[in-house]
Number of protein chains: 2
Amino acid sequence: MEQQAEEPAAGARVLVVDDDPTVAEVVAGYLDRAGYVVDRAEDGPAALARATAHWPDLVVLDLMLPGMDGLEVCRRMRGRAPVPVIMLTARGDEDDRILGLEVGADDYVTKPFSPRELVLRVESVLRRTRPRSDTGQLAAAGLSVDPAARRALKNGYELALTIREFDLLAFFLRHPGRVFSRQDLMKEVWGWDFGDLSTVTVHVRRLRGKVEDDPARPRLIQTVWGVGYRFEAVAGEERP
Amino acid sequence: MEQQAEEPAAGARVLVVDDDPTVAEVVAGYLDRAGYVVDRAEDGPAALARATAHWPDLVVLDLMLPGMDGLEVCRRMRGRAPVPVIMLTARGDEDDRILGLEVGADDYVTKPFSPRELVLRVESVLRRTRPRSDTGQLAAAGLSVDPAARRALKNGYELALTIREFDLLAFFLRHPGRVFSRQDLMKEVWGWDFGDLSTVTVHVRRLRGKVEDDPARPRLIQTVWGVGYRFEAVAGEERP
DNA sequence: GTGAGTCCTTACGAAACGCGGACGCCCGCG
DNA sequence: CGCGGGCGTCCGCGTTTCGTAAGGACTCAC
């Protein structure tokens, strides 16, 4: 589950959620040909799972889904991190449209719709929502960090990091697999040439508390005894 | 891919309001092929809702609608912000024409009409009401800003912004999702290389007061502690 | 096993920061 | 000339964050 950055400008990631295979197929096909990386899900839970694996840049969401309905999916995604949503609604279903807007869908399209129109709306929403061009996106091991937005996501959930924590994590992500002494980190992240090195220790601990699944047994930020810390890009295994 | 910038220049946004699916279909088809981005609504409330989601550049409005009639729709839209309207009226219904023009329709077409003629009129009205064709219209999260007209709409309602507030908002809309320090903003919006940064703070606060639903807990203009501010283009949810 | 070195954890005071309110200045307008 | 709106500045308060200290836990070498 180690993704890489395959979003060089052109291909944003779009998650298409629809229980009708035909619709999903057509939509996905058009979006794919338009240069997007397309994920698909057939219902709410699947959509949320997909989002955990790969947080999308935009969601095309059928309002009518088996089990969890589209509004709920939208709410839950938004509860994790802000993401643009385009709703698919049945024609003339006024209440649905209003609901969609209340939840904060960025646009909606009524069925039946022209795929071409949908692609246009996707492009429109993305354009006004993500001018992400050259932002050096960082990603590894279920983590992704956007330096320009100063946002960090873990499995599709936004992390509330402080400045130091964010800078520290960003630095680690920029140099995966390498060991850094506390002094190195103090110099690189803090910009200090001297100072109490326990400061680094404490901040690493705080970062672990937010980033690690089990902070007591860290996997991402490992301690190299007598040397310093190393960020492990590939989710390593346990030492017995 | 073949299409270019949708909102500027080429494709203006036209809202077609008609309860007759056949008429709406035909009209929408022609306008679509003419390069416009077409929204559709079947009655008054739907039209107003659609306009809230995406403020149109022009409205094609059937005078005879179930429930709220066309004149009322026109009045309400105009009450929110000036927008060009083309009325569809039954043939020879002189009173209606008069009424339509009184409310301030920019043009009217009598049924039955040739779709080609309607497209021509749309183009004509747009030409004379939108002299500048390529002003970078900005929009996100229920907000839209017209730099040329120096007008800002929130959910279709006009905002009374001061110069600084407008410039600040416009800048944010031009760079959604990115963090800017107070210094950046002071440089970009004020054009100053130095100065009291609290000036920025205060103006952000004033802008929030007009733009945010709950200025105490801002959603659009977020504070990034110790760094600056970030405009969130996606209408986010509450996260308690 | 034992000790010294190293790391983890917690706690706490201080500093930094953002926010709201208020003030005075300037300018256009009546 | 008085008035009001827009603007920039300043101050006090509550909150967040930071750096450091100190005790306990762990690791490695002998």
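What's counted below: heavy atoms across the whole structure, side chains too, no hydrogens, waters or symmetry copies. Note on naming: letters A, B, ... go to the chains in the order of the sequence lines (proteins, then strands), and numbering restarts at 1 for each one.
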Nucleotide D:dG8, atom P - distance to CG of B:L197 in whole Å = 13 Å
Choose from D:dG19, D:dT27, D:dG8 the nucleotide whose nearest atom is closest to any side-chain atom of B:H203.
-> D:dG8
Atom pair distance, as rounded to whole Å: CD1 in B:I163 and C1' in D:dG5 = 11 Å
Answer yes or no: is there an ion pair linking A:R121 with A:E123, defined by an N-O contact shorter than 4.0 Å?
-> no
Its contact letters, B for base, S for sugar-phosphate only and - for none at protein heavy atoms under 4.0 Å, make nucleotides 19-26 of chain C read SBBB----
Check for a donor-acceptor pair, side chain of B:E165 on one end and backbone N or O of B:T162 on the other, with a separation under 3.5 Å.
-> yes
To the nearest 10°, let me know how far the axis at one end of the helix from C:dG1-D:dC30 to C:dG30-D:dC1 is tilted from the axis at the other, five pairs an end.
-> 20°
Quickly work out the A:L168 CG to D:dC18 C1' distance and round it to whole Å.
-> 14 Å
With nearest nucleotides of DNA chain D determined for B:W225 and A:W225 from heavy-atom distances, which residue corresponds to the more 5′ nucleotide?
-> B:W225
If you look at every heavy atom in A:A152 and A:V145, which pair is closest and at what distance?
-> CB-CG2, 4.0 Å
Contact summary for B:L143 and B:V211, nearest pair of heavy atoms | CD1-CG1, 3.8 Å
Tell me whether the OP1 or OP2 atom of D:dG19 has a side-chain N or O from A:W190 closer than 4.0 Å.
-> yes
Between A:F194 (CZ) and D:dG19 (C1'), how many Å, whole number?
-> 14 Å
Euclidean distance, atom CG of residue B:D167 to atom P of D:dG6 [Å, nearest integer] = 14 Å
Grab the CD-C1' distance between A:E212 and C:dC8 for me, whole Å please.
-> 14 Å
Do you see a donor-acceptor pair shorter than 3.5 Å between the side chains of A:R208 and A:T223?
-> yes
Between B:S198 and D:dG8, does any side-chain N or O lie under 4.0 Å from OP1 or OP2?
-> no
Does a donor on one side chain sit under 3.5 Å from an acceptor on the other, for A:T199 and A:R182?
-> no
Donor on one side chain, acceptor on other, B:D184 and B:S181, under 3.5 Å | yes
Starting at CZ of A:F166 and ending at P of D:dC18, how long is that distance when rounded to a whole Å?
-> 13 Å
Short side-chain N/O contact from A:T199 to OP1 or OP2 of D:dT20, under 4.0 Å | yes
For A:F171, the option from A:F180, A:W190, A:Y229 that meets ring-ring contact (aromatic ring centres under 6.0 Å, His included) | A:F180
Please check the phosphate of D:dG8 (OP1 and OP2 only) for any side-chain N or O of B:W192 closer than 4.0 Å.
-> no
Assign each of B:M186 and B:L161 to its nearest nucleotide of DNA chain D by heavy atoms, then name whichever residue's nucleotide is nearer the 5' end.
-> B:L161
Close side-chain approach of B:V73 to B:L61, heavy-atom, < 4.5 Å = yes
Is A:R219 paired with A:D213 through a side-chain N to carboxylate O contact shorter than 4.0 Å?
-> no
Which whole-number value in Å describes the distance from A:R164 CZ to C:dA15 P?
-> 16 Å
